[in-house]
Amino acid sequence: MGLLTEGSPLSWEDTKNLADHVRKHGIIQFINLYKRLRDRQGDVLKWGDEIEYMLIKFDDEEKVAKLSLRAKEILNILNEEERKNPQNVKSLWRPEYGAFMIEGTPGSPYGGLLAHFNVVEANMHNRRQEASKLLLPGETLMSLTNFPRMGALDFTDPPAKPSPDSGASRSLFFPDDAIYSGHPRFKTLTRNIRQRRGEKVAINIPVYKDKNVPNPFKEDLKSLGDDGSSAKVAKDDHIYMDAMGFGMGCCCLQLTFQACNIQEARTLYDQLTPLCPIMLALTAASPFYKGYISDVDCRWNVISCSVDCRTEEERGLKPLKENKFIINKSRYDSIDSYLSEQGDKYNDVPLVYDNDIYNQLMDNGIDRLLAQHIAHLFIRDSVSLFSEKIHQNDLEDSDHFENIQSTNWQTMRFKPPPPNSSIGWRVEFRPCEVQLTDFENAAIVCFIVLLTRVILSYKLNLLIPISKVDENMANAQKKNAVTAEKFWFRRDVTFNGKNTDNNEPEYTEFTVNEIINGKKDVFPGLIPLVNSYLASMDVDADTHCTIQRYMKLIQRRASGELLTTAAWLRKEVLSHPDYKNDAVITQRINYDLLKKIHDVQSNRISCSELLGPCTTSKTTETIPAAVAKAEKCPSTGH
Ligand code: GLU
Ligand code: MG
């Protein structure tokens, strides 16, 4: 979830009064950083994955599964290893929003060699083992995008009560005890987002209208302690949620790339943007919310609403008086503008940005595209500020910049090098939902990394107007989007559209299958492009085999031959003997589902409708071992 500075959080009033201070110094810090680092060259391509996990506690007697709130205890032990031996750990562990979540990354980044793909899955496997060793009997670590009964009655271990009248969330459903307490950031964000907005956040996700779902579907909120404010915003036929935890308590799979220079980082940022909705649809894994089956497959809008700190004025519901801008999106959403010159003409959505900041950036030699991007991020107020961090040295620190940057949770993130480090310009790819098994997560990671190589080596152009990416984001979350929806995508990605007929638009609608696997005479397909790139490389037999297994999984998911995680989860619940066609996920259904997931993820049972014939790949433990092996066993001429 980004940076964690230590300290004592300020009240919302104080934070609010310092909003301009944070912005002012954040911008100066960015300008200083930019001047120092814009010409930085020659960083090598490095990359890494980030996986968020949930701790599940099974009670096999009662047949219930709950979220275990022991992340802090487990993290303390995991981080102790890192403190003792910072240079030499296999994985790095960080807190996340939920008191039931932990986030893990490889101990050191991967590099440009294809042989590194042989390590990814083993590293994910080890990571899981490492944390799993610290679990108590009955506990399991799961890479689950959302816990099906999160926010339903009695979903935590130990039990915790929501507190509608006090605390950070004021939720009818989500207890503050389920927010990570090892660092004040998470509760502070929760409180400040609610206070800034002027009311609790409101998340309404359409319920799956199965035949025994009441018409209209409406929950009794009063009995939970609602003072009327929830009833006012809860929509009929929707699953209503009222806390940041419903969104930020979801898990995802992210990737970070270091580019060779700022230019390449801009290119990657832009070119990966149209892939965000496609990868969101393909990785869809969260059809259940608060104990109900919903009518969507992805977490995206849930998180977006869960941190929507915009006031009524900013949401356009009241004339602007206190606030400066009408803002059309939450802090968590898809990006609003491209950064490269090539992307400029596809920036078709009017960008809301702070004019003074924009001018200040331009006056300091920052180009228009980057200036408007930063000035756009900086329309937001700080929503968490620590007393120790108010006064900073703008030549050396970048905390105020990071304060705003790290609470703009967008599909892509453009990251300048941190001060005083050997790290270069980076981009983060953030849309993917996390999959149940290491095999699937490794497949997605390798696919995206390979796409970056293909994009850069073939100078591909995947750009479509931002407004079309937004449309795709909305479609990607719909139920069964992979097989049922169409997405705007560029017809000709190889020749910058120059060889298409003038009358034909540069982009048209495709299914995910056509985008991934190709459409005859129209579009070659992303996997065929990856394969043609690989054919021009010297790939050793092991690596070739690993990559092909991963690409097969992606291809089969895209074609509908295999189910998406979301489709599989739906199927499991709908076919449970206890299911009453009422969209309700009972404790027992939840328990049986999570038990099955546990068996699938630990390879105890096979699940060919989700994974196909292979469920793991033969991988190698460490990067040096994988490289040595690849050198010994050169290309087999694939
Ligand atoms: N858990 C959030 C998600 O599912 C991301 C939080 C982060 O930025 O690390 O998108
Ligand atoms: Mg995270």
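Ligands are counted one by one from 1 in listed order, and the atoms in each one are counted from 1 as well.
Close contacts between ligand 1 and Trp409 involve ligand atoms 8 (O) [criterion: under 4.0 Å to a heavy atom]. When each atom of ligand 1 is checked for a heavy atom of Cys252 under 4.0 Å away, the hits are 2 (C), 3 (C), 4 (O), 5 (C), 10 (O). If you number the atoms of ligand 1 from 1 as listed, the ones under 4.0 Å from a heavy atom of Ile303 come out as 3 (C), 4 (O), 10 (O). Residue contact check: Glu52 has heavy atoms under 4.0 Å from atoms 1 (N), 2 (C), 4 (O), 5 (C), 6 (C), 7 (C), 9 (O) of ligand 1.
At the Mg ion (ligand 2), the vertex angle linking OE2 of Glu52 with OE2 of Glu96 is 90° (nearest 10 degrees).
Aromatic ring orientation, Phe378 versus Phe401: parallel (interplanar angle below 30°, classes split at 30° and 60°). Under the 30°/60° scheme for interplanar angles, the aromatic rings of His183 and Phe386 are found to stand perpendicular. Ring planes of Trp409 and Tyr332: tilted class, angle from 30 to 60°.
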Worked verdict on Arg94 versus Thr105 for side-chain hydrogen bond (donor to acceptor under 3.5 Å, both in side chains): CA-CA 9 Å; Arg94 296 291 171 262; Thr105 55; over 6 Å; no
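Taking the six-membered ring for Trp and the full ring otherwise, the centers of Trp47 and Tyr110 sit less than 6.0 Å from each other.
At least one heavy atom of Tyr332 sits less than 4.0 Å from an atom of ligand 1. Within the 4.0 Å heavy-atom cutoff, Gln254 counts among the residues contacting ligand 1. By the 4.0 Å heavy-atom criterion, Glu96 is counted among the residues contacting ligand 1.
When side chains are defined from C-beta on, Ser181 counts as touching Lys187, because their heavy atoms get closer than 4.5 Å.
Considering backbone and side-chain N/O atoms, Arg430 comes within less than 3.5 Å of an N/O atom of ligand 1. Below 3.5 Å of separation, one finds an N or O of Cys250 facing an N or O of ligand 1.
Residue Lys66 forms a side-chain hydrogen bond (donor to acceptor under 3.5 Å, both in side chains) with just one option from Asp157, Thr156, Asp154, Asn590, and that option is Asp154.
Taken from CG in Leu255 to OG1 in Thr452, the straight-line distance is 9.0 Å, to the nearest 0.5 Å.
Note on Glu103: its N/O/S atom closest to the Mg ion (ligand 2) is OE1.
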